[in-house]
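Take a look at the structure below.
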There are 2 protein chains.
Amino acid sequence: MTRNVRTYNHFCLTARTLELVGDRWVLLVIRDLLTGPKRFTDLMERLGGITPKTLTQRLRELEDAGLATADREPGRREVKYQLTAAGQDLGPVVDALSWWGLRHAWRRPQPGEPLHAEHLLRSVAQAIDNTAGDHDPARWLFRFPGDDYLVECDGDRWSLTGTDPQARADVTVTATVEAFARFLFTPPGAPEPDIDIAGDPTAVQRFKHLIGAMASVVGPM
Amino acid sequence: MTRNVRTYNHFCLTARTLELVGDRWVLLVIRDLLTGPKRFTDLMERLGGITPKTLTQRLRELEDAGLATADREPGRREVKYQLTAAGQDLGPVVDALSWWGLRHAWRRPQPGEPLHAEHLLRSVAQAIDNTAGDHDPARWLFRFPGDDYLVECDGDRWSLTGTDPQARADVTVTATVEAFARFLFTPPGAPEPDIDIAGDPTAVQRFKHLIGAMASVVGPM
DNA sequence: CTGGATCCATGATGATACTG
DNA sequence: CAGTATCATCATGGATCCAG
């Protein structure tokens with residue numbers, strides 16, 4: 001395997017970091033590992049379009065750089081990749097890119113653009129975190145076919161986390177990914193088909209209000 | 001010219017942003033434009049290693065994306081490139097990369113690694129901003145052969161800015177880039193050759209203290 | 001089935017030289 | 001000064017195949 005070792009040779013922290021995470025796909029692999037350990041095929045699915053060759057190469061580079069580790073337990077087929085502490089520290093980089101995108105590069109889903117729950121919810125958490133003044137604690141559980149996610153506010157920041165089975169949520173949303181995407185762009189008061197929003201009425205109202213505020217900020221999606 | 005149009009096709013703000021600024025060299029061009037307008041050859045010099053062909057292509061892409069503009073005045077050979085407001089909003093992305101690099105990817109200058117004043121001072125500003133508790137206002141003017149820079153704290157954040165001719169600095173440092181780099185790693189109290197540090201004694205002492213604190217945090221450079 | 005590896009095509013980047 | 005032109009190389013994509 002030809003390992004990528006291109007450098008910039010600048011005495012500069014930004015350049016040095018980009019030598020490690022600047023290659024195509026790398027920050028997207030990290031984005032998807034930020035919500036918890038994933039298997040090779042989990043990553044393939046989320047990173048729609050990456051080839052197995054490139055994903056393998058990127059994962060080996062992340063291991064070499066000390067940003068991720070591979071859990072290969074004997075007797076188990078699955079290989080679980082997860083971020084090291086240094087890898088998790090790249091969260092602010094991913095968030096900074098996302099926040100810029102929300103302000104300057106947002107656009108409607110393109111025709112044929114696959115929709116992944118994790119990416120959609122990350123955008124939602126990002127938008128609420130940066131545009132709403134409301135940072136009171138909250139726990140929203142999303143139950144999509146196949147996997148669950150938690151969007152929560154710890155009193156300071158809104159973020160997307162993997163599911164904690166112990167979690168008790170204020171609001172539980174059950175829907176398909178497509179139905180939830182449609183809901184995001186449903187005007188307030190309109191009927192909300194194919195989506196179930198359960199929880200304390202006050203919490204549900206707050207949920208709808210924050211989603212509505214987000215949609216209005218983001219503009220003409 | 002073959003224009004780069006590779007996309008990720010994810011419905012994701014991070015991926016969308018990386019489609020615009022994720023290509024090799026792009027964020028480094030932005031890094032160097034963040035301190036003010038630059039000419040083609042200014043950028044060539046700072047981006048040591050980039051080829052003119054690639055730089056031309058990147059600048060055209062930045063123009064197409066609305067991140068930079070080219071000032072071509074008739075009768076003048078010089079072309080000045082500068083960031084748009086959207087381009088300047090990428091500052092936090094560059095800073096996030098830099099801050100991660102300070103914690104996880106720092107290393108001594110490699111043999112033969114060119115040293116540029118702007119990159120060196122950006123690292124200094126980054127390190128002080130993130131590691132020192134001192135965020136009182138300050139203005140440090142650096143006079144290097146060829147160009148001047150201002151490292152300042154506005155009461156909240158330390159940053160590197162282009163030179164404002166009106167600026168009245170607390171501390172004025174006159175040296176070569178190499179002498180200043182040596183000074184950074186000089187133990188406190190040791191002689192400081194080939195560097196002139198002028199200003200109010202209190203301000204100079206604060207300057208030396210913050211530089212010393214930075215060097216100790218950054219570790220075994 | 002998961003987690004890759006292999007082969008080939010193409011396009012992006014690099015090196016060097018040259019020009020309006 | 002601000003790029004082009006040409007050629008070489010390397011990274012990535014697409015498709016297919018394979019071993020546990």
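To the nearest angstrom, C1' of D/dT4 lies 12 Å from CZ of B/Arg60. Computed from coordinates, the B/Arg39 CZ to D/dG3 C1' distance equals 14 Å when rounded to whole Å. In this structure, A/Met44 atom CE and C/dA5 atom P are separated by 13 Å, rounded to whole Å. Between the C1' atom of D/dG3 and the CG atom of B/Asp42 lies a distance of 15 Å, rounded to the nearest Å. A/Leu47 has its CG atom 15 Å from the C1' atom of D/dT12, to the nearest Å. Remark: P of C/dT13 and CG of B/Leu59 are 14 Å apart, rounded to the nearest angstrom. Spacing between atom CZ of B/Arg76 and atom P of D/dA2 amounts to 9 Å, rounded to whole angstrom units. When the C1' atom of C/dG4 is taken as reference, atom CD of A/Glu78 falls 14 Å away, rounded to whole Å.
Residue B/Thr54 places at least one side-chain N or O closer than 4.0 Å to OP1 or OP2 of C/dG14. Not one side-chain nitrogen or oxygen of B/Arg24 sits closer than 4.0 Å to the OP1 or OP2 atom of D/dA11. Side-chain nitrogen and oxygen atoms of A/Trp25 include at least one within less than 4.0 Å of the OP1 or OP2 phosphate oxygen of D/dG13. One finds no side-chain N or O of A/Thr56 lying less than 4.0 angstrom from the OP1 or OP2 phosphate oxygen of C/dG4. Within the 4.0 Å cut-off from OP1 or OP2 of C/dG4, at least one side-chain nitrogen or oxygen of A/Tyr81 is found. The side chain of B/Arg77 contributes no N or O atom lying less than 4.0 Å from OP1 or OP2 of D/dG3. OP1 and OP2 of C/dG3 both lie 4.0 Å or more from every side-chain N or O belonging to A/Arg72.
Using bins of under 30°, 30° to 60° and over 60° for the plane-to-plane angle, the ring pair A/Phe207/A/Trp140 lands in the perpendicular bin. The aromatic rings of A/Tyr8 and B/Trp25 stand perpendicular to each other, their planes meeting at an angle above 60°, with 30° marking the opposite boundary. In this structure, B/Phe142 and B/Phe180 have perpendicular ring planes: the angle between them is above 60°, well past the 30° mark.
Looking at A/Leu184 and A/Ile211, their side chains come closer than 4.5 Å, going by heavy atoms from C-beta outward.
Ion pairing of A/Arg46 with A/Asp147 is present here, as a side-chain N (NZ or NE/NH1/NH2) and a carboxylate O approach within less than 4.0 Å.
The 5' end of DNA chain C is approached more closely, in terms of each residue's nearest nucleotide, by A/Thr41 than by the other of A/Thr41 and B/Pro52.
Closest to the B/Arg58 side chain, of the nucleotides D/dG3, C/dA15, C/dA12, is C/dA12.
For a distance-only test at 3.5 Å, the side chain of B/Lys53 qualifies as a donor-acceptor partner of the base of C/dG14.
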